[in-house]
Amino acid sequence: MKLYNLLSEKKSAILNRWYDAVLDTYPSDTSGFLKGQKNPFLNPVGSTIFQGIENLFEELLYEKNPHSPPHPPLTQGGQERGKGGMGGLSGERASLFLDNIIRIRAVQEFTPSRSIVFILLLKNAIREELKNELVERQLLEELLFFESKIDDMALLSFDIYMKCREKLYELKVNELRRLTFGRLQKADRIDKQENDLKSNNNEALERKEVNK
Amino acid sequence: MSKTPKADELSKIDYMPPKSGWMDTPVEFKQGFWCYGSKAKSLETVGFPNPRQWSPADEDWKLPENWQEIVLKGFKERLDKYRSFKVFMDICVRCGACADKCHFFIGSGDPKNMPVLRAELLRSVYRGNFTKAGKILGKLAGARELTYPVLKEWWYYFFQCTECRRCSVFCPYGIDTAEITMMARELLNLLGLNTDWISGPAANCYMKGNHLGLEPHAITGNIEYMLDDIESITGIRIKPTFNRKGAEILFVVPSGDLFADPGTYTTMGELMLFHELGLDYTWSTYASEGGNFGFFTSNEMAKRLNSKIYAEAKRLGVKWIIGGECGHMWRVLHQYMDTWNGPADFLEAPKSPITGTVFENAKSTKMVHIAEFTADLIRHGKLKLDPRRNDHLKVTFHDSCNTSRGMGILEEPRYIIKNVCSHFYEMDENTIREKTFCCGSGSGLNASENIELRMRGGLPRANAVKDVVEKYGVNMLANICAIDRAALPPLMDYWVPGVGVTGVHELVANALVMKGEKERTTNLRGEPLPGVVETREERRKREDRRKEVGRRRKREEG
Ligand code: SF4
Ligand code: SF4
């Protein structure tokens with residue numbers, strides 16, 4: 001549990017490193033803004049990322065500790081979610097925290113790997129922040145275990161990323177379907193009208209009502 | 001064999017963005033962030049230059065050989081014609097106050113979405129060609145040549161601006177980047193570089209009077225279906241008139257509200273309100289579009305499309321005009337119509353026949369926003385309202401960019417909502433009224449192929465909705481704009497699922513107690529009113545009916 005104590009102790013330094021690394025995935029003209037603007041309404045990207053990585057970090061720490069108190073209930077959409085503190089990384093809590101960040105990155109101009117790389121950047125942040133301490137064997141072993149949890153999150157991130165993308169396709173298809181359907185119907189009707197007109201005309205010709 | 005990178009290396013590989021300056025970072029067209037190019041046919045219909053088959057993704061945009069000359073000539077003409085344009089090109093001190101105010105920048109993190117940089121795309125060419133310093137010093141003075149990549153960059157980024165004007169609220173010099181975007185789009189238009197989503201509707205509107213190309217029988221047919229629905233909900237058969245000469249008022253709505261939910265519920269609401277008042281008004285199947293996608297191509301085109309409104313008012317001999325719930329429609333009507341196609345001296349200053357109120361603000365244009373009209377009715381106690389019918393709703397209000405920043409309609413819709421609903425909650429003050437965040441799909445950007453762009457552009461708006469959802473359990477996002485009613489449902493679906501979208505007059509009609517109505521059990525959407533328990537049989541009937549109405553409507557709208 002030594003590593004976990006260290007991580008808790010250095011939480012804010014690690015988080016800052018992590019946050020900086022995530023923001024570095026944005027153009028330099030932008031990262032300053034994402035970092036500087038603290039009002040969440042004026043900077044939803046920066047604030048969601050910061051809030052998100054903090055929650056994720058706590059989730060990772062909580063994971064290991066059997067004495068952790070039960071989670072406070074998650075609230076979203078005015079309803080309680082994820083009751084009972086499942087804790088596990090496939091759990092709803094981790095998914096929700098990841099979702100908040102990935103949902104944003106899925107509509108920014110990142111490749112899929114870049115969209116979810118942010119979670120792996122935590123490894124670098126920890127290694128750098130604890131580089132003096134990480135010479136001890138016991139710590140290294142614990143670190144390996146901890147990092148495998150980060151890998152779990154990366155895998156989970158991939159699922160979430162795909163869900164976000166699927167949602168986007170669904171929205172696109174829904175809109176297109178509405179349009180195409182209308183157009184097809186219209187084409188159909190025009191076709192029908194033209195045919196009606198033609199046969200009317202032909203009949204009229206046959207009856208010699210009109211001269212050609 | 002290639003070397004497999006280690007995990008640690010992998011995470012470091014090229015996630016860093018390029019470090020070059022903006023002028024040297026060429027634009028890369030990424031799927032999801034741009035709209036399809038305009039079709040030859042649409043351009044031909046309205047007589048726009050360079051009609052041809054092309055795709056923005058193509059290397060070759062099939063431009064006329066002298067395209068640079070055409071653009072620069074057009075640039076010069078506009079600098080001479082519009083003093084504001086010239087001033088906006090000259091006076092920006094690059095203070096950066098506007099930089100972080102654009103929803104597209106906030107949502108994307110792409111520096112070229114900073115209003116100041118967006119404008120700089122054009123300004124750099126201005127400097128290079130029309131200022132002495134720029135001609136001599138070149139890049140040192142922030143000047144550059146008009147090259148093919150620059151042109152492509154223009155196209156990419158000026159169709160990533162919704163002309164929402166949020167940036168202009170914060171500029172100490174009052175520079176309106178929306179107007180710069182308008183000019184840039186005009187210049188692009190000289191080369192036939194518009195989007196299908198804009199030029200298609202503009203061409204439809206030119207031929208048939210509305211963006212969807214609905215012909216008169218489709219318009220009346222769609223409204224008939226709404227009347228059927230109203231009758232089954234209220235027991236009242238409404239009989240509106242079409243193209244009736246001698247009516248006192250002409251009513252013009254954005255055509256989206258005639259065919260797509262939830263906009264149709266807004267139209268039903270308006271029909272019910274006018275019926276209840278016994279208003280002497282008529283619909284026109286010719287001036288059947290208040291919106292104006294021509295506005296997103298050029299000033300001249302917008303003027304042409306707009307001319308039908310006064311012309312129809314004159315033909316029918318009405319006294320004044322009411323306009324439906326829309327955003328950009330009102331920017332055009334309120335700020336341009338009078339100078340383009342006025343003075344409408346054959347009309348009278350709008351005076352509510354119910355309250356006697358004269359709408360001084362519309363004395364010149366002769367056209368009143370329905371939110372102003374209805375707020376006035378409520379203020380004078382002319383409507384019998386039962387807000388409890390909306391008790392299952394926790395409502396917040398999204399100010400659309402055009403009605404708030406363009407014409408200052410801030411209080412009226414709120415006043416109406418508070419009178420017809422019991423639960424109303426404001427979003428954060430930084431995101432409403434003049435500072436409202438755009439839906440992300442305005443100015444003709446509400447196509448489907450650019451959904452990623454729309455989602456990230458709408459993030460600041462959705463983020464503020466999410467907050468009131470979490471704090472108060474808000475479940476309904478009200479607005480007075482037809483583009484909002486089309487664009488916000490997918491936006492909510494992506495960011496804050498479970499939040500509905502409604503026009504204000506849908507809420508009004510649900511609360512409106514009409515003379516001789518039967519006891520209502522459902523709202524306009526056919527959902528049971530609060531406190532009404534629906535039997536399984538009733539539910540089945542309701543769903544069947546919904547399906548049938550959907551089918552019929554689709555058949556008709558074609
Ligand atoms: S706020 Fe106005 S002056 Fe300052 S950079 Fe923006 S446009 Fe230029
Ligand atoms: S007008 Fe709106 S979309 Fe355009 S640059 Fe300004 S804030 Fe951005």
Side-chain angles (χ1 to χ4, degrees), chain A residues 23-31 33-34 36-37 39-48 75-79 103-104 106-111 113-114 117-118 120-121 123-124 127 147 151 164 167-176 178-179 181-190, chain B residues 7-8 10-19 22 28 30 32-33 99-101 105-111 114 117 212-213 259-260 427-428 430-431 447-449 451-453 455-456 459-460 462-464 466-467 469-475 490 493-498 554-555 557-558:
Chain A
L23 293 194
D24 273 347
T25 61
Y26 292 89
S28 54
D29 294 325
T30 307
S31 45
F33 158 71
L34 292 178
Q37 176 56 266
N39 184 326
F41 294 103
L42 302 180
N43 180 13
V45 176
S47 60
T48 304
T75 55
Q76 194 168 32
Q79 290 159 356
R103 193 159 291 271
I104 290 175
V107 291
Q108 295 179 326
E109 288 169 50
F110 295 113
T111 57
S113 60
R114 280 184 186 187
V117 73
F118 72 93
L120 296 174
L121 296 176
K123 291 189 186 180
N124 303 0
R127 287 179 196 181
E147 287 195 347
D151 295 339
C164 291
K167 185 80 204 172
L168 290 168
Y169 291 127
E170 183 193 311
L171 296 176
K172 220 181 271 200
V173 167
N174 286 348
E175 286 195 344
L176 282 175
R178 230 181 47 201
L179 283 172
F181 188 75
R183 280 193 196 148
L184 283 177
Q185 295 271 326
K186 188 177 179 182
D188 211 34
R189 207 171 52 199
I190 290 173
Chain B
D8 186 31
L10 243 183
S11 64
K12 280 193 168 154
I13 289 175
D14 93 328
Y15 66 77
M16 299 284 280
K19 284 271 179 276
W22 71 267
E28 198 187 320
K30 291 189 184 144
F33 303 104
D100 57 358
K101 304 303 187 291
F105 172 68
I106 295 173
S108 69
D110 179 348
M114 292 178 183
L117 218 49
L212 300 158
F259 98 116
M427 288 183 268
D428 183 79
N430 290 292
T431 72
S448 304
E449 60 270 21
I451 196 95
E452 284 90 336
L453 178 78
M455 291 301 117
R456 71 188 190 185
L459 169 61
N463 184 57
K466 191 173 177 185
D467 178 62
V469 168
E470 284 167 2
K471 278 199 190 118
Y472 312 113
V474 161
N475 54 13
D493 203 7
Y494 187 72
W495 296 110
V496 215
K554 272 181 187 143
R555 263 203 304 277
E557 99 215 356

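Reckoned from all heavy atoms, side chains included, excluding hydrogens, waters and symmetry mates. Order of the sequence lines fixes the chain letters, A, B, ..., with proteins taken first and strands second; residue numbering starts at 1 for each chain.
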Side chain / backbone / both / neither for [X] at chain A, heavy atoms under 4.5 Å:
X	value
B/S108	backbone
B/M427	neither
B/N475	neither
B/F33	side chain
B/A447	backbone

Rounded to the nearest 0.5 Å, how far apart are [atom1] of [X] and [atom2] of [Y]?
X	Y	atom1	atom2	answer
A/E170	B/D493	CD	CG	6.5 Å
B/S448	A/Y169	OG	OH	14.0 Å
B/I106	A/T30	CD1	OG1	11.5 Å
A/N43	B/N430	CG	CG	12.0 Å
A/I104	B/N463	CD1	CG	7.5 Å
A/L42	B/D428	CG	CG	7.5 Å

Worksheet entry | Contact class of A/F33 relative to chain B, heavy atoms under 4.5 angstrom | side chain
Worksheet item: So which part of A/D151 gets closer than 4.5 Å to some heavy atom of chain B, the side chain, the backbone, both or neither?
Response: neither
Minimal non-hydrogen separation, [X] against [Y], with atom names:
X	Y	value
B/Y494	A/K167	CD1-CG, 3.8 Å
A/V107	B/R456	O-CD, 3.0 Å
B/P460	A/P44	CA-CG, 4.1 Å

Discussion item. Shorter than 4.5 Å, heavy atoms on both sides: which option in A/K172, A/Q108, A/E109, A/Q37 has the most such pairs with chain B?
Written reply: A/E109
Practice prompt. Count the heavy-atom pairs under 4.5 Å between each of B/P111, B/A462, B/A99 and chain A, then report the option with the highest count.
Written response: B/P111
Worksheet entry | Contact check, side chains of A/V45 and B/L459, non-hydrogen atoms, under 4.5 Å | yes
